[in-house]
Number of protein chains: 2
Amino acid sequence: MEVLDLIKTIAPEAIKILEERYLILRTILYNQPIGRRSLSDILGFKERAVRDQVVFLRNQGLLKIDFMGMYITDEGIKTLESLNPIYNHIKGIPELEVKLKKLLNIRKVSILPGNSKDSGMVLRDMGKITSKIIKNIINNGDIVGITGGSTMAAVAEEFVPDKIKRDVIFIPARGGLGRNVETQANSIAATFAKKLGGTYRLLFVPDGLEKEALEYIIKNEDIKESLNLIDNMDMLIFGIGRADTMAKRRNLPPERVEELISRGAVAEAFGHYFDINGKEIWEYKTVGLSLNKFKKLNNVVAVAGGAEKAEAIIAIATLNENMVLITDEAAARKILKLVDNAT
Amino acid sequence: MEVLDLIKTIAPEAIKILEERYLILRTILYNQPIGRRSLSDILGFKERAVRDQVVFLRNQGLLKIDFMGMYITDEGIKTLESLNPIYNHIKGIPELEVKLKKLLNIRKVSILPGNSKDSGMVLRDMGKITSKIIKNIINNGDIVGITGGSTMAAVAEEFVPDKIKRDVIFIPARGGLGRNVETQANSIAATFAKKLGGTYRLLFVPDGLEKEALEYIIKNEDIKESLNLIDNMDMLIFGIGRADTMAKRRNLPPERVEELISRGAVAEAFGHYFDINGKEIWEYKTVGLSLNKFKKLNNVVAVAGGAEKAEAIIAIATLNENMVLITDEAAARKILKLVDNAT
DNA sequence: AGCTGCGGGACAATATCTGTCCACGCCATA
DNA sequence: TATGGCGTGGACAGATATTGTCCCGCAGCT
């Protein structure tokens with residue numbers, strides 16, 4: 001990588017070109033087949049520039065063009081993969097990761113360049129990286145908790161399956177939440193199990209039950225078993241949300257949302273609400289993973305991107321030093337900014 | 001270095017820029033202080049291009065400009081040094097070295113990019129590299145033979161002195177040859193001794209002596225001692241010449257030159273003439289290192305550059321498998337071409 | 001004192017880049 | 001089977017950069 005730094009000083013133009021072509025190649029990979037115009041729209045590049053670069057990349061055999069649009073070639077994919085660490089280095093991601101890890105005082109931080117809010121590709125890359133990380137830390141015999149949400153759905157979706165059979169059980173970490181089947185913890189747990197080669201259990205507890213109904217439902221054998229598994233969970237993979245958006249999404253009454261916010265709630269994770277210091281403000285009424293159990297977990301993988309989640313990430317990171325965080329550049333830089341301003 | 005190959009495919013323009021700036025920086029180092037115009041003359045670049053690059057390099061803090069011309073800064077020297085292997089890689093030097101080593105079947109080949117005939121800088125770099133190599137293989141107690149010639153003079157000149165004291169004796173490998181003191185084996189041996197921290201002996205045997213005179217002179221004590229050292233030589237550092245140019249330089253009668261050439265002589269080294277297969281054609285009448293002794297030497301370092309010496313290098317390389325060859329790109333490519341055509 | 005080679009300013013000529021057309025092919029849909 | 005949408009690739013004028021040159025004032029050298 002010193003080579004790169006050298007090139008930075010002696011041929012900075014090269015870095016620009018590199019970045020441009022990398023971005024184009026990557027965007028094609030994730031959107032193929034795609035046309036010149038939509039490509040320049042997505043990237044915010046001028047159409048003509050895109051066109052020139054595309055011609056170049058085709059000549060290099062990295063992509064193909066036909067009447068449907070542009071496709072990446074195998075060669076292109078290989079090149080793109082080699083380019084990933086280079087792009088990260090250029091963007092200063094490794095330095096950011098070290099800084100953030102220290103700042104949040106957690107086990108590991110992995111950052112994807114860009115903003116997952118603007119670009120679905122970044123979210124998908126976060127999923128890919130999470131997939132790799134999970135494969136590394138998961139052990140046979142583990143009971144693995146899973147939460148819902150669109151980020152977690154993307155992670156599940158981008159999981160790269162392999163042929164290894166794993167003796168692992170995936171289980172939703174909490175009941176409740178979600179009209180959309182795709183982003184429900186249950187479906188996500190199923191996808192994980194399928195791609196990682198394990199089994200899964202479901203946990204169906206409707207939202208907003210009264211206390212009596214909840215107590216009644218807990219007596220159900222299936223649910224009992226699931227709750228038992230949750231109590232013995234070895235690992236948790238979860239998304240982090242903003243308190244306000246999550247409260248609204250759960251259709252809490254406006255006054256309740258108001259109250260949470262006024263009490264300083266910024267983060268939501270597995271049904272609990274926290275202020276920026278990690279103090280629990282409120283717990284959503286359902287069954288599942290308790291805060292105490294969470295704090296004692298040895299393997300926790302949090303996935304969250306986008307600048308707007310910066311506070312939420314800070315809050316959750318205080319809860320467990322063993323946390324592994326996968327996030328994006330936008331969130332990372334916002335977190336640093338917030339903490340810098342605070343000091 | 002895979003980074004470089006990647007950049008080659010995805011941003012070849014970058015390589016061009018890199019090369020241009022590298023060459024400019026290097027030329028300034030070797031010619032400072034130098035002006036924009038002479039610089040573009042030497043490099044064969046357009047003056048304007050040089051000017052732009054120079055402005056860039058100054059902004060990067062790699063060179064300084066004052067009314068006398070341009071100088072490289074410390075930062076620039078550091079950058080240039082890091083750039084050396086990159087430039088070599090771009091030029092495909094490492095591959096060339098491997099090829100040539102196999103082809104000539106000798107111990108080691110070291111190639112400098114460029115042509116030492118066109119550019120004094122290449123010759124000087126050859127000297128620098130030779131200096132490094134010699135430092136690595138020289139042992140305490142060694143008796144080291146030295147030949148004359150402009151190449152050897154350059155090597156001696158570019159030798160980077162260090163503070164290590166070495167218990168080493170440098171000695172001219174052969175008597176005779178040379179009107180120019182600078183390029184005589186005697187002076188070169190002295191320079192080596194001074195820079196490497198050893199001692200040296202001289203060997204004065206005038207050119208073109210008759211047999212009787214030679215026999216007489218050998219009885220001299222000093223010369224006897226020197227000849228004895230030569231017989232016990234451990235290492236030889238020598239230049240390789242073309243048979244024709246060396247014959248002329250020695251002022252041999254034209255019919256003798258004709259005869260040598262017609263008998264296939266292409267190479268000259270330490271007073272011996274060889275055809276391309278390494279067969280000795282003739283030996284210049286003087287005293288010193290014999291062919292047999294040379295063939296048995298364990299440490300032989302040959303320095304020769306320029307396409308015109310290709311045949312000579314091929315010839316000499318057949319004589320001793322232990323040879324280490326320092327040459328330039330022009331000679332290396334010519335050698336490959338010659339051998340390819342022969343097969 | 002006169003000459004040479006230096007950097008840097010200026011500027012017209014030229015090449016390259018940029019933005020925007022359009023023609024035409026293929027798909028999906030009606 | 002017509003049609004609208006999205007694709008490529010060709011074309012080209014206007015905007016921008018690059019390039020080749022010349023000149024100026026200055027300092028060192030002879």
Side-chain angles (χ1 to χ4, degrees), chain A residues 10-73 75-77 119-121, chain B residues 10-76 119-121:
Chain A
I10 203 143
E13 310 89 317
I15 301 292
K16 271 195 184 163
I17 303 176
L18 200 69
E19 194 174 340
E20 206 172 306
R21 296 202 177 140
Y22 168 80
L23 255 19
I24 289 176
L25 214 50
R26 193 178 66 149
T27 309
I28 292 174
L29 170 66
Y30 279 120
N31 300 85
Q32 58 186 330
I34 186 177
R36 203 199 304 149
R37 278 172 277 266
S38 7
L39 194 53
S40 49
D41 270 1
I42 294 177
L43 289 164
F45 294 176
K46 305 164 195 180
E47 181 189 333
R48 200 52 215 283
V50 167
R51 195 169 163 182
D52 289 342
Q53 301 299 7
V54 153
V55 168
F56 167 85
L57 291 168
R58 184 189 35 158
N59 291 343
Q60 294 294 75
L62 304 178
L63 56 85
K64 272 186 185 167
I65 305 182
D66 67 15
F67 57 87
M68 291 281 288
M70 301 176 277
Y71 311 79
I72 200 161
T73 63
E75 188 67 16
I77 291 179
S119 152
M121 293 181 284
Chain B
I10 205 143
E13 310 89 315
I15 301 293
K16 271 195 185 164
I17 302 175
L18 200 69
E19 196 174 339
E20 206 171 307
R21 295 199 179 143
Y22 168 79
L23 254 21
I24 289 176
L25 214 49
R26 193 178 65 150
T27 309
I28 292 175
L29 170 65
Y30 279 119
N31 299 284
Q32 58 187 332
I34 188 178
R36 201 205 301 150
R37 280 171 276 263
S38 9
L39 195 53
S40 48
D41 270 0
I42 294 178
L43 289 164
F45 294 176
K46 305 160 194 182
E47 181 190 332
R48 201 54 212 286
V50 168
R51 192 167 165 182
D52 289 341
Q53 302 300 7
V54 154
V55 168
F56 168 85
L57 291 168
R58 183 191 35 161
N59 291 342
Q60 295 294 78
L62 303 178
L63 55 87
K64 271 187 187 168
I65 304 183
D66 68 15
F67 58 87
M68 290 282 289
M70 301 177 278
Y71 310 80
I72 199 160
T73 64
D74 290 353
E75 188 69 15
S119 153
M121 292 181 286

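Keep in mind the model is a prediction, meaning the values are calculated, not measured. A, B, ... follow the sequence lines: proteins, then strands. Residue 1 opens every chain.
- Looking at every heavy atom in both residues, Glu75(A) comes nearest to Leu62(A) through CG-CD2, 3.8 Å.
- Heavy atoms only, all atoms of each residue included: Ile17(A) and Ala11(B) are closest at CG2-CB, 4.0 Å.
- First and last contacts of DNA chain D with chain A, using any nucleotide atom under 4.0 Å from a protein heavy atom and ordered 5' to 3', fall at dG7(D) to dC12(D).
- The pair Arg48(B)-Asp52(B) counts as a salt bridge, with a side-chain nitrogen and a carboxylate oxygen less than 4.0 angstrom apart.
- For Gln60(B) against Ile10(A), the heavy-atom pair with the smallest separation is NE2-N, 4.4 Å.
- Atom P of nucleotide dT4(C) and atom CD1 of Ile34(B) are separated by 19 Å, given to the nearest angstrom.
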Next on the checklist: Assess the residue pair Leu39(A) and Thr27(A) against the criterion (side chain to side chain contact (heavy atoms under 4.5 Å, CB included)); give the C-alpha distance rounded to whole Å, side-chain angles, the decisive distance to 0.1 Å, and a yes or no.
Outcome noted: CA-CA 7 Å; Leu39(A) 194 53; Thr27(A) 309; 3.5 Å; yes

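- Side-chain contact between Met70(B) and Val54(B) is present, with heavy atoms from C-beta onward closer than 4.5 Å.
- Minimum interatomic distance between Arg26(A) and Met121(A) (heavy atoms only, all atoms of both residues): O-SD, 3.8 Å.
- Using a 4.0 Å cutoff on non-hydrogen atoms, the parts of residues 64-76 of chain B near DNA chain D are Phe67(B), ordered by number.
- Within residues 39-63 of chain A, the residues that place at least one heavy atom under 4.0 Å from DNA chain D are, in residue-number order, Arg48(A), Arg51(A), Arg58(A).
- When every heavy atom of Val50(A) is checked against every heavy atom of Ser40(A), the shortest pair comes out as CG2-CB, 3.6 Å.
- Here the P atom of nucleotide dC17(C) and the CD atom of Glu20(A) are 12 Å apart, to the nearest Å.
- Closest non-hydrogen pair, Ala14(A) versus Ala14(B), comes out as CB-CB, 3.2 Å.
- The closest side-chain heavy-atom distance from Glu20(A) to Leu43(A) is not below 4.5 Å.
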